There are 2 protein chains.
Amino acid sequence: MSDTEINTQTTARRGRPRAFDREVALAKAQALFHARGYDALSVADLTHALGINPPSFYAAFGSKLELYDEALRRYEKTEGLDVDTALAPGTPLSEGVARLLRYAADAYASGEACGCMVIEAARGTADAAAGEKARERMEASRSYIHQRISSLDAGHADLASDYVMMSLAGLSASARNGMPTARLRIMAAIAADGLKSQLEHAA
Amino acid sequence: MSDTEINTQTTARRGRPRAFDREVALAKAQALFHARGYDALSVADLTHALGINPPSFYAAFGSKLELYDEALRRYEKTEGLDVDTALAPGTPLSEGVARLLRYAADAYASGEACGCMVIEAARGTADAAAGEKARERMEASRSYIHQRISSLDAGHADLASDYVMMSLAGLSASARNGMPTARLRIMAAIAADGLKSQLEHAA
DNA sequence: TTATTTCTGTATCACTCACTACAAAATCCT
DNA sequence: AGGATTTTGTAGTGAGTGATACAGAAATAA
């Protein structure tokens, strides 16, 4: 009769309830990590921005590194490129790559935290463990892109996925350096033309 | 009779002489900054690697930041790309860019400190002042490349220099991710083809 | 109510960071 | 030789780092 067992996410645990929304805090932390990077963002910065104290922070997220890992995965889910649409079955490879790079141009320039959170974090972090986390996520993305490209044109999968990853890194860097969306789109189109030209001449 | 006044670099200053070679130390510091980045390389790491104590370090270099600035400039002089040769007067723009990117492919993959020291440092540093120094050097390089491209093809200088900077960032990132020289050269060629194709179709 | 559990705030912890005070040592100038 | 000057090694500075001990507060369970 009653619907008491439907709500499984907040199962009315015992003890004093948490005074903040963990999901909201994670979203805010992810944005901060994206904008300022792992090293430049201290736990003190985070607790201050979230309006909580260190013990609450560590009880909810474990450690700075664990929160960072969660933030990276959240970024992929909420702001990651739509690889499936860009490289949909039946799409010519050069066209799919052009679409994916255009998605990146649009995504990387928007907001104050520009560039790709994963690509920018994959190198240059003082904390070795944090860099490793980012590199893991980037490798996962690379692998997935390679797989999707492989289903379109298996013969050029290695070459094309390497080129895509390089182009994404270039676009991300340019976005980070302040390049506006419109110009970024042009850059993406030129880069895509390079692969197209290569595939045509090699055919 | 004697040649005492010829040697002007070591003018026999008063006081206790320095026990280490400043140039050698600078070279070693530059390599370390390149390989590990500003944040990850502590002054303690530096003094240990150079075999000196902190007071000698600060007497010789002023501060970690000043040494970093010197290291960046040394990198440009000793390992910077030969822009003048790549974009020599009379060179077709697309060919010059292809040459410059190939130089980068060769330079970025060599050694254990891979990627461009300036590009990699221009973003992602926890220390804001160090990032600013790197960004200054990158802007200087961008400006010089823009000027040289402008003398080859003034109409496409903005577009081409933006594209070159983006491609260099992509090549640097790929090198940092372990891409070998041969593959990096192919990437450079494909990227250069993009601009060539763009310039031809726009003409 | 009473016990149990969980979270919250205060006040730290040990550690690393870039950097320096101080006096002894080593050179040049007179 | 003796004074002036600069570097050297020892030892430590204050500030900031990520992470915690502890006790009180706020909820559920009995």
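Any value given below was found using the heavy atoms of this structure, including those in side chains, with hydrogens, waters and symmetry copies removed. Model, not experiment: these values are computed from the prediction. In what follows, every chain begins at residue 1, and chains take the letters A, B, ... in the order their sequences are listed.
Across the protein-nucleic acid pair, B:Leu65 atom CG and C:dA18 atom P stand 12 Å apart, rounded to whole Å. In this structure, A:Asn53 places its CG atom 18 Å from P of C:dC13, rounding to the nearest Å. Whole-Å rounding puts the A:Glu66 CD to D:dA19 C1' distance at 12 Å. Nucleotide D:dG16 holds its C1' atom 14 Å from the CG atom of A:Leu41, rounded to whole Å. Separating the CG atom of B:Asp21 from the P atom of D:dT7 is a distance of 14 Å, rounded to the nearest angstrom. We find that CD1 of B:Ile52 is positioned 15 Å from C1' of D:dT10, with the value rounded to whole Å. When rounded to the nearest whole Å, the span between CG of A:Asp39 and P of C:dA18 equals 13 Å. Separating the CZ atom of A:Arg22 from the P atom of C:dT6 is a distance of 16 Å, rounded to the nearest angstrom.
Within 3.5 Å, a donor on the side chain of B:Arg16 pairs with an acceptor on the base of C:dA25, or the reverse.
In this structure, A:Arg13 does not reach the C:dT6 phosphate: none of its side-chain N or O atoms is under 4.0 Å from OP1 or OP2. Side-chain nitrogen and oxygen atoms of B:Arg18 include at least one within less than 4.0 Å of the OP1 or OP2 phosphate oxygen of D:dT7. Within the structure, every side-chain polar atom (N or O) of A:Ser56 is placed at least 4.0 Å from both OP1 and OP2 of C:dC7. Using a 4.0 Å cut-off, some side-chain N or O of B:Tyr58 falls inside it from OP1 or OP2 of C:dC19.
Proximity of a side-chain donor or acceptor of B:Asp82 to a complementary backbone N or O of B:Thr85 within less than 3.5 Å is detected. Panel note: side chain B:Asp193, backbone A:Asp193; no donor-acceptor pair is recorded below 3.5 Å.
Cation-pi contact between A:Lys64 and A:Tyr38: present, with separation from the ring centre below 6.0 Å and deviation from the ring axis of at most 45°.
Here D:dT17 is the nucleotide among C:dA18, C:dT27, D:dT17 with the atom lying nearest to any side-chain atom of A:Ala44. Listed candidates were C:dT8, C:dA18, D:dG18. Nearest to the side chain of A:Lys64 is D:dG18.
The aromatic rings of A:Phe61 and A:Phe20 sit tilted, their planes meeting at an angle between 30° and 60°.
The 5' end of DNA chain D is approached more closely, in terms of each residue's nearest nucleotide, by B:Gly15 than by the other of B:Gly15 and B:Gly51.
Residue A:Pro54 is classed as a base contact, given a heavy-atom separation below 4.0 Å to a base. Here A:Pro55 lies in heavy-atom contact (under 4.0 Å) with a base. Here A:Phe20 lies in heavy-atom contact (under 4.0 Å) with sugar-phosphate atoms only. B:Ala19 comes within 4.0 angstrom of the backbone, heavy atoms only, and of no base.
Side-chain atoms of B:Ile190 and A:Leu159, non-hydrogen and from C-beta on, do get closer than 4.5 Å to each other.
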